[in-house]
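Every chain is numbered from 1 and lettered A, B, ... according to where its sequence line falls, protein lines coming before strand lines. Atom set for the values below is all heavy atoms of this structure, side chains included, hydrogens, waters and symmetry mates excluded.
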Amino acid sequence: MVRFTPSNSSEVTMFRTRFAPSPTGYMHIGNLRTALYAYLIAKGAGGTFILRIEDTDQNRNVPESVQAIYNGLKLAGIEYDEGPDKDGGYGPYVQSQRLPIYKEYALKLIESGDAYYCFDQKEDKPALEDTGERVQGYRDPCRNLSAEEVRAKLVEGIKPVIRQRIPDPGVSSFFDHVYGEITIDHDQLDDQVLLKSDGFPTYNFANVVDDHLMAITHVVRGQEYLTSTPKYNLLYQAFGWERPEYIHLPHIIKEDGSKLSKRKGDPSFEDLVRMGYLPEAVVNYVALLGWNPGDEREFFLLPNLVEAFDLNRINKSNAAFSFDKLRWLNGEHIRSLSPQEFHKRVLPFYPAGFDRFDLEQLSTLIQVRTENLADIPALVGFFAELPSYEVGLFEHPKSKSTMETSKLVLQLVLPLFEAMEEWTNDSLFDCLKAFSKEQGLKVGTVMWPIRTALSGQETSPGGATELAAILGKEETLRRVALGLEILG
RNA sequence: GCUCCUAUGGUCUAGUGGUUAGGACGCGGCCCUUUCAAGGCUAAAACCCGGGUUCGAGUCCCGGUAGGAGCACCA
């Protein structure tokens, strides 16, 4: 992986990055990663991470969704140093509250000639898209209006937009930390709208003004902005501002190559958590989509990511989101939890009516067998109700269990159990082990029919004695007796 | 259509001219074992194609191909 040396990054002392979502109501996986990387880049350098709300599209704002952004970040453990509710002296941090600022700066560009008023209505622009011939390097006729003509239109009361004047001809280059040197011809750049007729800025304008005014040093955003970055650089240049460093990120896609989309039912970050994935596992997984630490570590908690993260190790190509791997990593995170912590987290996932069991004990049993919290009800369901099962279950070659041995074992073990005073896993195990020895049977041959009678399933979280301990003496006896009935 | 970007097993990736191309997920097998997991070991599986440059190319250059992105009074 060849890396270019950035022009002046060594002189950057204070890192300031921002996450600038538009309020759509939930956190995309891609957004989560963008926020995470921006956070890691800032924090890894001891810098500042800022949250800014980009709500300049009046048609797309979803009320309450700013709250969703707060919740999403909180869930991820990503804490911002400055934001709408956390003033750091660079506010306001909500673009709809900065309208006068954009106007002021737009007018500066009008004065300097780097932008111009445009009086066309939206509908006037020919829709050439339909013919397959795309417009590029759009130059509006208003570009050449004289001062008098502009004044006259203004007096008429036509609400203008302000468009950027792209220097024509020309070529622009910039350095991106992920993609390297990018060069684009100005004939590819539109005279884009900077200020809409409703007085709101476009993203194209607001991001530049805000990033500069908020002293953002490293712009972290999706790859989709790569080709419009020269337009922003031209703006920086027109204002005489220093450009930030750029870190454009490749996209996260699906395994079939299509893009993740909420509309097609692909889960958001919050959805994944609801689906039983630990937030820290999702964060860990997403960090690994497009980045690696340079060694073979894969398990990371947020603080470790801060330490390990290096923007020079971000990949250029899109990465497919794999539920298989997320599931595995989720299991890793689950297993890394202390038994107490796991128990706490898992408590809400137990089906109703489970309080009658020793849940703490049950939790230790299932911790190593849980890859997703949502699997728990199915995993433990048999404790509450014994499923109906076929006699055939009692046959198990690997344990050398046959119908005969199973029946024999259950018959002999029943009175043994009845006589037991201490009902614990250890006491039960000792008892059965001694029993198997005295009968000259394999431990497995003894355990299998018991485990089967107790669970009614081919597999279970825990062996015979562990299940018995949780089930309790009475229920164990009942199920063993039932097993004998089934064996006939 | 024009422009920009990308290309190592099915998936995530390591790899900065010389490696038996490494790891992880998933998949198969074995061991361990109180069933299943977990853990350990192990197998199968990859450098998009074609030209160059070079003693030598996954690695550099060019050209294809394939995929992604951009081309809004959306962000």
Asker: Measure up the A:Phe417 and A:Trp423 rings against each other and bin them: parallel (under 30°), tilted (30 to 60°), perpendicular (over 60°).
Answerer: perpendicular
Asker: Can you see if the side chain of A:Asn315 gets near the phosphate of B:A14 - specifically, an N or O under 4.0 Å from OP1 or OP2?
Answerer: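 So the side chain of A:Asn315 is within the cut-off, an N or O lying under 4.0 Å from OP1 or OP2 of B:A14.
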Asker: When all nucleic acid strands are considered with a 4.0 Å heavy-atom cut-off, which category describes A:Ala319: base, sugar-phosphate, or nothing?
Answerer: sugar-phosphate
Asker: Measure from the side chain of A:Asn425, starting at C-beta and using heavy atoms only, and say which of B:U34, B:A72, B:U35 lies closest.
Answerer: B:U34
Asker: What contact category does A:Gly222 fall into here, base, sugar-phosphate, or nothing, at under 4.0 angstrom with non-hydrogen atoms?
Answerer: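 Since no nucleic acid heavy atom lies under 4.0 Å of A:Gly222, the category is nothing.
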Asker: For the side chain of A:Asn425 and the backbone of A:Ala469, is there at least one donor-acceptor N/O pair under 3.5 Å apart?
Answerer: no
Asker: A:Asp256 near the nucleic acid: base, sugar-phosphate alone, or nothing, with a heavy-atom cut-off under 4.0 Å?
Answerer: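 Nothing: the residue A:Asp256, judged by heavy atoms under 4.0 Å, touches no strand.
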Asker: When we call it a touch if two heavy atoms are under 4.0 Å apart, what does A:Glu332 touch: a base, just sugar-phosphate, or nothing?
Answerer: sugar-phosphate
Asker: Write down the atom of A:Asn292, the atom of A:Arg313, and the distance for their closest heavy-atom approach.
Answerer: OD1-NH2, 3.0 Å
Asker: Please work out if A:Asn204 contacts a base, only the sugar-phosphate, or nothing of the nucleic acid, heavy-atom cut-off 4.0 Å.
Answerer: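 Since a base atom lies under 4.0 Å of A:Asn204, the category is base.
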Asker: For RNA chain B, whose closest nucleotide is more 5', that of A:Gly257 or that of A:Ile182?
Answerer: A:Ile182
Asker: When you check the phosphate oxygens OP1 and OP2 of B:C25, does a side-chain N or O of A:Arg327 lie under 4.0 Å from one of them?
Answerer: no
Asker: Strictly below 4.0 Å: does A:Arg313 bring a side-chain N or O up to OP1 or OP2 of B:G15?
Answerer: yes
Asker: Does the side chain of A:Asn292 get closer than 4.0 angstrom to OP1 or OP2 of B:A14 through an N or O atom?
Answerer: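 Yes, within the criterion.
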Asker: Please report the distance, rounded to the nearest Å, between CG in A:Leu289 and P in B:C25.
Answerer: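 Computing the A:Leu289:CG to B:C25:P distance gives 15 Å.
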Asker: Rounded to the nearest angstrom, tell me the gap between atom CZ in A:Arg33 and atom P in B:C12.
Answerer: 12 Å
Asker: What's the gap between B:U53 and B:G1 when it is taken at their P atoms, as a whole Å value?
Answerer: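 Their P atoms lie roughly 33 Å apart.
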Asker: Between B:U34 atom P and A:Met447 atom CE, what is the distance in whole Å?
Answerer: 7 Å
Asker: Which is true for A:Ser317 with a 4.0 Å heavy-atom rule: it touches a base, it touches only sugar-phosphate, or it touches nothing?
Answerer: sugar-phosphate
Asker: Under 4.0 Å from OP1 or OP2 of B:A69: is there any side-chain N or O of A:Lys259 that close?
Answerer: yes
Asker: Mind checking if A:Val161 touches a base, just sugar-phosphate, or nothing, with heavy atoms under 4.0 Å?
Answerer: base
Asker: Is the ring pair A:Tyr277/A:Phe323 parallel, tilted or perpendicular, if the boundaries are 30 and 60 degrees?
Answerer: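 Rings of A:Tyr277 and A:Phe323: tilted, 30 to 60°.
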Asker: Write down the partner of B:A14 under the Watson-Crick or G-U wobble criteria, each distance required to be under 3.5 Å.
Answerer: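 WC or wobble partner does not exist here.
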Asker: Using a 5.5 Å cut-off between ring centres and planes within 30 degrees, is A:Phe429 stacked on the base of B:U34?
Answerer: yes
Asker: Using the C1' atoms only, state how far B:C60 lies from B:U16, rounded to an integer number of Å.
Answerer: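 My reading of the C1' atoms in B:U16 and B:C60 gives 10 Å.
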Asker: Charged N to carboxylate O below 4.0 Å: is that the case for A:Asp191 and A:Arg163?
Answerer: no
Asker: Pick the nucleotide of RNA chain B nearest each of A:Ser460 and A:Lys325; which residue has the one closer to the 5' end?
Answerer: A:Lys325
Asker: So do the side chains of A:Leu249 and A:Gln223 get within less than 4.5 Å of each other, counting heavy atoms only?
Answerer: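 The answer is no, as the side chains (C-beta and beyond) never meet within the 4.5 Å cut-off.
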Asker: Would you mind reading off the distance between A:Ile184 atom CD1 and B:G70 atom P, rounded to a whole angstrom?
Answerer: 13 Å
Asker: Given the structure, check if the side chain of A:Tyr225 and the base of B:A69 hold any donor-acceptor pair shorter than 3.5 Å.
Answerer: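 No, no donor-acceptor pair under 3.5 Å.
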Asker: Using Watson-Crick or G-U wobble geometry with both distances below 3.5 Å, tell me the partner of B:G58, or none.
Answerer: none
Asker: Does either side chain, that of A:Tyr26 or that of A:Ser65, offer a donor lying less than 3.5 Å from an acceptor on the other one?
Answerer: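 There is no such pair between these side chains.
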Asker: Once you apply the 3.5 Å cut-off to both distances, tell me the Watson-Crick or G-U wobble partner of B:A43, or none.
Answerer: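 The answer is none; no pair meets the criterion.
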Asker: Can a side chain N or O of A:Lys196 be found less than 4.0 Å away from OP1 or OP2 on B:C74?
Answerer: yes
Asker: When all nucleic acid strands are considered with a 4.0 Å heavy-atom cut-off, which category describes A:Thr183: base, sugar-phosphate, or nothing?
Answerer: sugar-phosphate
Asker: Using whole Å, what does the distance between atom P of nucleotide B:A38 and atom CH2 of A:Trp328 come to?
Answerer: 12 Å
Asker: Between B:U11 and B:C74, how far apart are the two C1' atoms, rounded to whole Å?
Answerer: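 Taking atom C1' in both B:U11 and B:C74, they lie 32 Å apart.
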Asker: What integer number of Å spans the P atoms of B:C31 and B:C36?
Answerer: 12 Å
Asker: In whole angstrom, give me the gap between the C1' atoms of B:A21 and B:A14.
Answerer: 10 Å
Asker: Can you check the A:Leu99 CG to B:C73 C1' distance for me, whole Å?
Answerer: 14 Å
Asker: Quick one: A:Leu260 CG to B:U11 P, roughly how many Å, whole number?
Answerer: 16 Å
Asker: Relative to the ring of A:Tyr285, is the ring of A:Phe321 parallel (under 30°), tilted (30 to 60°) or perpendicular (over 60°)?
Answerer: perpendicular
Asker: Please evaluate the base of B:A7 for a donor-acceptor partner in the side chain of A:Lys316 within a cut-off of under 3.5 Å?
Answerer: no
Asker: B:U65 pairs with which nucleotide, Watson-Crick or G-U wobble, both distances below 3.5 Å?
Answerer: B:A7
Asker: Could you tell me the Watson-Crick or G-U partner of B:C2, where both distances fall under 3.5 Å? Say none if there is no partner.
Answerer: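 Per the H-bond distance test, B:G70.
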Asker: Quick check for you: among B:C73, B:U35, B:A75, whose closest atom lies nearest to any side-chain atom of A:Ser22?
Answerer: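 Looking only at heavy atoms from C-beta outward on A:Ser22, the closest nucleotide is B:A75.
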Asker: Write down the atom of A:Glu371, the atom of A:Trp328, and the distance for their closest heavy-atom approach.
Answerer: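 Residues A:Glu371 and A:Trp328, closest heavy atoms: OE2-CA, 3.7 Å.
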Asker: Is a donor-acceptor contact shorter than 3.5 angstrom present between the side chain of A:Thr202 and the base of B:C73?
Answerer: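 Donor-acceptor pair under 3.5 Å: no.
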Asker: What is the separation between atom NE2 on A:His28 and atom C1' on B:A75, rounded to the nearest whole Å?
Answerer: 10 Å
Asker: Counting side-chain heavy atoms from CB outward, which of B:U35, B:C5, B:A75 is closest to A:Arg369?
Answerer: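 Of all the options, the side chain of A:Arg369 is nearest to B:U35.
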Asker: With a 4.0 Å limit, can you tell me whether A:Thr56 has a side-chain N or O closer than that to the phosphate oxygens OP1/OP2 of B:A75?
Answerer: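 Yes, such a contact exists.
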Asker: Considering just the side-chain nitrogens and oxygens of A:Lys231, establish if one lies under 4.0 Å of OP1 or OP2 belonging to B:G70.
Answerer: no
